Structures are given as C-alpha cells and as structure tokens.
Amino acid sequence: MTLSAKEKTMNVAFYGHVRQYHNLKAELDAAILEVLESGVYVQGPTLKRFEEELAAAMGAKYAVGVANGTDALWLTFMALGIGPGDEVITNANTFFATAEAIWIAGATAVLVDCDPLTRNIDPEAVRKAITPRTKAIAPVHLYGQCAPMRDLRKIADEHNLFVVEDNAQAIDAHGDDFKIGELSDVVCTSFIIQKNLGTYGDGGALWTNRQDVNDKVRKLRNHGSTKRDVHSFGFNSRLDDLHAGVLSVKLKHIAEWSDRRIEIANQYTAGLKDLKTIDLPYARPGYRHVFHLYVIETKNADDRSKMLDFLVKNGVDAKTHYSIPIHKQEGYPWGKESREVGSLANAEKNAASCISLPMFPELTDEEVNYVIDAVRAWEDQ
Ligand SMILES: Cc1ncc(COP(=O)(O)O)c(C=O)c1O
C-alpha cells in the first residue's frame, strides 16, 4: 500500500503510556494503594525495597533513588568531588540535561563529537579533549545503545579519571562483552514517564559499587541528613515512595519490553532498509540495543523538516531527538568556560537530520506497518 497525505487511515502515537497502564492496571493500582494505605510516603519501606530490587537487577552493591535523572548526575558529580575548576567530557549530541548537570555541579562541560554510525561518543575525540583539569568522562548511552565502554575505561585508567554513565535511555542494555556499570564508577538513570522504565511523573536513580558515593548521595538528597535534626550540606532530591511502588512493578517487565522494542526495531529495519533517502540506526554486533528511540536520519538534511511534516500529516507522530546540539543551545553560555573540542560535524549532522519514529512496546504490528508505509510513501511521492 502506498499512502499519500489524502489517505491517512490511522494515527500512530509516539508514546503508549496509557496502554501500558491498562495492561498492568491491577498490579499498578494495588502497588499505589499499598503505599497510600501504609501512611509512609517519603523515604519509606517502598523506596527501600525498590532500591534493593534495582541494585540486584543491575548487579550493583547500592542503588539510590533521587528526584530525577538530572539530579542523579549532578549529585553523583558532587559526591565524587567534581566541582569548579574541573572538566567533564561528554557528548555534544545529547539531551540538554547531561551538560546541565555538569554545570549545576559547578564544573565545565567539554563537548566532543560522536561516532557517525552509532551516534555514541567517539573515544578518539575524548582522548584529544583531556587536559590536566579533566576529572571525568560522562558518556551517554544514546537512543538505547551502550557507548564504547571498554575504550572509554582504558582512556580513564590512563588518565586517572572517573567514568559516570548517563544511562537515562538504555536501562537493560548491554555491550558485546560488558554490562552497564561494570566499567564505570557510577550509573545514573531517569525514570521520567517516557523512559523505557518510567513512573507517572519524574524520578531518577544511580547505582554503584562505591560505598562512598552511596553514602554521600543518601545525605545530599535529604538535606544533608541521615539522622533526625542533624544536617550537613545538602538538598531535597528524593524519589517518592509512590513512584518507587510503580517502578517496582514495572522493573519486573523491563526485559520483555526491551525484547518487544528490539522486535519493532527489526520490523522497521526490514521494512525500510532499501530506501535511498534515509539512513537507519546502526546496532553494534553483540550489543543489546534496547531502542529507547528508533532514530533514522535523512541523508540530505534539507529533507528532514519535509519528511517530518509528511509523516505528521499522515498520522505518524514522529519527533526529533535532538535537533539542536548542546553547543548551539541558548543555554550553552550558562556553562561559562564550557567548550567544544575538535570538529562536531557528526553531532551536527545528527541534529540536522534525525527523525524518531514511534517506539514503545505496546505498538501493534499493524501500527508498525503503517509507519513503514508512511516512510516509504514519503520517498515514493
Ligand atoms: C540522556 C539523558 N540524560 C539525562 C536526562 C535527564 O533526566 P530527567 O528528565 O529525569 O532529569 C534525560 C532525560 O530526560 C536524558 O535523556
């Protein structure tokens, strides 16, 4: 079937939050009611249980729930002693929050280019950006695929740097021969609703084998306090027990949801691989790419807005992740000394040409086929 703008027969949403809620309604309602009936909503037993479940599922000694993924990152930087005068190297092509977290900690974000295939941080670009002030590398597992952690760990070891994984998009992913968390100091994640593991609102966590980071973040997230009325330096950034209850239910389903995401990605790839005007996402052999996003790129950047309009007109809710790289954001000067190192041509091409197709585990095969038809129709017109 070839679509034209006149033949729109379906609307395919970008997210499936309500569908997922309906599929798990009994379990989720029970978990929420249990917290409501418990009378303990902040730093209570549900949060403690979820932290233990998360640490066990991720193979870490400690997991700490915080208010959101951005806080997980900057609280981690602070706990590692990273602050003013220090540099953290990260992707130029990421969600704004990665750089924002470095700035909140008072440090300088040093932005480098990505690999043209995976769109993950380029280790050679990282190597060139190291200065005596560099304290950490903060790779993002962009779109659901692990960054090249072995190479990054090697560079970090050579220069005595911390590695902090921004895993907001890749929970349940792994590399060819490494797990997330195995080659870093701390892993940070976001539980905002649209993430692969998301709550009904905001949430975040970090996991680590470092007791010092665990202890420091536990204090920092709770006004510098682990004992009633006694406070050192701190903030308020806690994961509420209601969210912990929801996440506890959803954590049990994450592997099956990732499998379905991978299945949908394979369907998109099979249906679109012969097209001439777009590039499809590249999954590294042996890596478990969990497709938080299925991002295609128009070969010609000028086509991006035309294609996006065509898809939206045809009922496909496509989006961009992310159409403006960090160094071109209005908020970039916030990180006063922040700077780019080397060419950011790949990151800029990614920003100019990316289109994310609908991707969530509850998509039906009929909807996936409709999206494929719509993308094909764009090329055929
Ligand atoms: C790569 C990345 N880092 C950090 C964050 C920040 O997480 P949050 O929105 O929970 O603060 C997000 C998502 O929102 C993200 O995609």
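Because the structure is predicted, anything quoted here is derived from the model rather than measured. In each ligand, atom 1 is the first atom listed, and ligand 1 is the first ligand listed.
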For a distance cut-off of 3.5 Å, show me each N or O of ligand 1 paired with any protein N or O, plus the separation.
| residue | atom | partner | partner atom | Å |
| --- | --- | --- | --- | --- |
| ligand 1 | 3 (N) | Asp166 | OD1 | 3.2 |
| ligand 1 | 3 (N) | Asp166 | OD2 | 2.7 |
| ligand 1 | 7 (O) | Ser190 | OG | 3.4 |
| ligand 1 | 10 (O) | Gly69 | N | 2.8 |
| ligand 1 | 10 (O) | Ser190 | OG | 2.7 |
| ligand 1 | 11 (O) | Gly69 | N | 3.3 |
| ligand 1 | 11 (O) | Thr70 | N | 2.9 |
| ligand 1 | 11 (O) | Thr70 | OG1 | 2.5 |
| ligand 1 | 14 (O) | Lys195 | NZ | 3.4 |
| ligand 1 | 16 (O) | Gln169 | NE2 | 3.0 |
| ligand 1 | 16 (O) | Lys195 | NZ | 2.9 |

Verdict with reasoning, Ser338 to Val110, per side chain to side chain contact (heavy atoms under 4.5 Å, CB included)
CA-CA 6 Å; Ser338 293; Val110 175; over 6 Å; no

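Ion pairing between a basic and an acidic side chain is recognised when a charged N comes within 4.0 Å of a carboxylate O; Glu297 and Arg119 show such pairing. Between Lys179 and Asp172 no salt bridge is recorded (no basic side-chain N to carboxylate O distance below 4.0 Å). The pair Asp122-Arg127 fails the salt-bridge criterion, with no side-chain N (NZ, NE, NH1 or NH2) lying under 4.0 Å from an Asp/Glu carboxylate O. Between Glu53 and Lys48, no side-chain nitrogen of the basic residue sits less than 4.0 Å from a carboxylate oxygen of the acidic one, so the salt-bridge criterion is not met. Ion pair Lys276/Glu379 not flagged as a salt bridge, since none of the NZ, NE, NH1 or NH2 atoms sits closer than 4.0 Å to an Asp/Glu carboxylate oxygen.
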